[in-house]
Amino acid sequence: MTHHRKAATVLAAGILAATAATGVAATTASAAEPPSAAPSVSAGCSWRTNVGLYCGYDTRNIYSDYGDSGRQVKEIQALLRYRGISIGPDGIDGQFGKDTRSAVKKFQRSWRLNDDGIVGPNTWTYLRTGI
């Protein structure tokens, strides 16, 4: 089993346990930018069994850091926005640049995680579940 697949399996198990322990029901919230912000894609976020919080871009919890791009980065950006962390003027653009890295670090500090700006298994767990 690859490291990423193993991490995703561990995360899924943790999400299931958190769901069972807390009885959290499905929720939906908007991750849209305010009208005065730069144009961007918006996402609705909702709870999904075996995933946790999902914003419509990617259900996988792929290791991501500075320089990455794609759907997993959009998911990270939408989750950060949902959690109230500014991701910069470009919004959900799928580019893991300096603004996204700063937002990830801010999120990590708020949860007392290692603020390395890398979205690995621990950061994914907190982004998806808040536990």
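Considering all non-hydrogen atoms of both residues, Ser86 and Ala103 come closest at O-CB, 3.3 Å. The heavy-atom pair separating Arg81 from Ile87 by the smallest distance is NH2-CD1, 3.4 Å. Counting all heavy atoms, side chain and backbone alike, Gly56 lies closest to Arg71 at O-NH2, 3.8 Å. Shortest non-hydrogen contact noted between Ser64 and Ile76 is CB-CD1, 3.6 Å. Across Leu127 and Arg83, no two heavy atoms sit closer than the pair O-NH2, 2.9 Å. Taking all atoms of both residues into account, the shortest heavy-atom contact from Phe96 to Val73 is N-CG1, 3.6 Å.
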Residues Arg128, Glu75; criterion side-chain contact (heavy atoms from CB on, under 4.5 Å); working and verdict
CA-CA 10 Å; Arg128 294 276 194 206; Glu75 184 72 11; 2.7 Å; yes
With side-chain contact (heavy atoms from CB on, under 4.5 Å) as the criterion, how do Val104 and Leu80 come out once you've worked through the C-alpha distance, each side chain's angles and the decisive distance to 0.1 Å?
CA-CA 7 Å; Val104 168; Leu80 288 165; 3.8 Å; yes
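Side chains of Leu53 and Ser46 form no contact here, defined as non-hydrogen atoms less than 4.5 Å apart. The closest side-chain heavy-atom distance from Leu79 to Trp124 is below 4.5 Å. Side chains of Phe107 and Tyr126 form a contact here, defined as non-hydrogen atoms less than 4.5 Å apart. Residues Gln95 and Thr100 have side chains not in contact (no heavy-atom distance under 4.5 Å, counting atoms from C-beta outward).
The salt bridge (charged side-chain N to carboxylate O under 4.0 Å, His left out) analysis of residues 112-123, with sequence neighbours excluded, yields the pairs Arg109-Asp115. For residues 51-60, the salt bridge (charged side-chain N to carboxylate O under 4.0 Å, His left out) pairs, not counting sequence neighbours, are Asp58-Arg60.
Between atom OG1 of residue Thr59 and atom CD of residue Gln72 there is a gap of 11.5 Å, rounded to the nearest 0.5 Å. One distance of note links CG of Leu113 with NZ of Lys105; it measures 14.0 Å at 0.5 Å rounding.
Under the 3.5 Å distance criterion, with hydrogens and angles disregarded, a donor-acceptor pair is assigned to the side chains of Gln108 and Thr123. In the model, Asp68 has no side-chain atom that pairs as donor or acceptor with a side-chain atom of Tyr66 under 3.5 Å.
Checked against side-chain hydrogen bond (donor to acceptor under 3.5 Å, both in side chains), Asn122 has no partners two or more places apart in sequence or in another chain.
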